[in-house]
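Everything on this sheet refers to the single structure shown next.
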Amino acid sequence: MAFERTTRKDWYKILGAEPSDSLTELKRKYQKLILLYHPDKQSADVSAGEVEERVQRFIEIDQAWKILGNEETKKEYDLQQREDNLTKEWPLHAQIYLEDMSWNEGEQCYSLSCRCGGSYTVSKPETKEVALVCCDTCSLVIEILQ
């Protein structure tokens, strides 16, 4: 099993929401925040620095809604978050260069033996998009260096 490592903003946190919230609940939280931070709703006595911070917050809230308000992009984001959380929890066994792994011509994949007796396996197409590979037997992970 392979994972792509990326760092992303926590869009749920930006909306003050939970992944378990319904689309209706997400929309309600979005609308409440967007009204609160909308540039047209700011009072005139606010400092320029605070105005800039509020505009940035407004943009983040809007971006969060664009991702979480669409069922397809929300599902994709949720999957990525789960993968990111797994990679934080699983112990990193080693950092390996792809050329140090064994190439299996028949199966068109790279593999490396794990200390548990299992194997780390990654297909050729996956090598372009993944950084972490899980052992097929235990919870250890290797990072593939490019």
Cut-off 3.5 Å, no hydrogens considered: what does the side-chain donor-acceptor table look like for residues 112-119, sequence neighbours left out?
residue	atom	partner	partner atom	Å
Ser119	OG	Thr121	OG1	3.4

- request: Flag the pair Lys41 / Leu35 as yes when at least one side-chain heavy-atom distance between them is below 4.5 Å, and no otherwise.
  value: yes
field: Atom of Trp11, atom of Ile67 and distance for their closest heavy-atom approach
entry: NE1-CD1, 3.0 Å
field: Verdict with reasoning, Glu71 to Lys75, per salt bridge (Lys or Arg N to Asp or Glu O under 4.0 Å)
entry: CA-CA 6 Å; Glu71 215 171 294; Lys75 183 178 177 182; over 6 Å; no
Would you tabulate the side-chain donor-acceptor contacts of residues 24-32 under 3.5 Å, counting partners in other chains and residues two or more places apart, or write 'none'?
residue	atom	partner	partner atom	Å
Glu25	OE1	Arg28	NE	3.4
Glu25	OE2	Arg28	NH2	2.6
Lys29	NZ	Gly16	O	3.3
Lys29	NZ	Asp21	OD2	2.9
Tyr30	OH	Asp62	OD1	3.4

- prompt: Out of curiosity, Gln108 CD to Lys124 NZ, how far, rounded to the nearest 0.5 Å?
  reply: 7.0 Å
query: Looking only at heavy atoms, what is the nearest atom pair of Tyr120 and Val133, with distance?
result: CD2-O, 3.5 Å
message: My understanding is that only residues two or more places apart in sequence, or in another chain, count here; which of them pass side-chain contact (heavy atoms from CB on, under 4.5 Å) with Pro39?
response: Val55, Phe58
field: Non-neighbouring partners of Glu18 that pass side chain to side chain donor-acceptor pair (under 3.5 Å), sequence neighbours left out
entry: none
task: Ignoring hydrogens and angles, tell me if any N or O in the side chain of Glu52 forms a donor-acceptor pair with the backbone of Gly49 under 3.5 Å.
output: no
message: Going by ring-ring contact (aromatic ring centres under 6.0 Å, His included), name the residues that satisfy it together with Tyr110, two or more places apart in sequence or in a different chain.
response: Trp103
query: Could you go step by step and tell me if Ile14 and Trp65 meet the side chain to side chain contact (heavy atoms under 4.5 Å, CB included) rule?
result: CA-CA 9 Å; Ile14 289 169; Trp65 176 247; over 6 Å; no
Ring pair (Phe, Tyr, Trp, His ring centres under 6.0 Å) pairs, two or more places apart, involving residues 125-146: none
message: Is any side-chain heavy atom of Leu15 closer than 4.5 Å to one of Leu68?
response: yes
- prompt: How long is the gap from CD on Gln95 to CG on Leu132, to the nearest 0.5 Å?
  reply: 9.5 Å
task: Would you please name every residue forming a side chain to side chain donor-acceptor pair (under 3.5 Å) with Ser111, sequence neighbours left out?
output: none
- prompt: So which residues get pulled into Tyr97's cluster when ILVMFWY side chains under 4.5 Å apart are joined, directly or through others?
  reply: Leu145
message: Enumerate the salt bridge (Lys or Arg N to Asp or Glu O under 4.0 Å) contacts for residues 96-110, please, sequence neighbours excluded, ordered by first and then second residue.
response: none
message: List the residues meeting side chain to side chain donor-acceptor pair (under 3.5 Å) with Tyr12, not counting sequence neighbours, and say none if there are none.
response: Lys74, Asp78
Sole residue of Leu36, Leu33, Ile34 in side-chain contact (heavy atoms from CB on, under 4.5 Å) with Arg57: Leu33
statement: Residue set satisfying salt bridge (Lys or Arg N to Asp or Glu O under 4.0 Å) with Glu53, at least two apart, ordered chain then number -> none
statement: Sorted by chain and number, sequence neighbours left out, side chain to side chain donor-acceptor pair (under 3.5 Å) with Asp45 holds for Ser43
task: Side-chain contact test, heavy atoms from C-beta onward, threshold under 4.5 Å: evaluate it for Met101 versus Ile144 and give yes or no.
output: yes
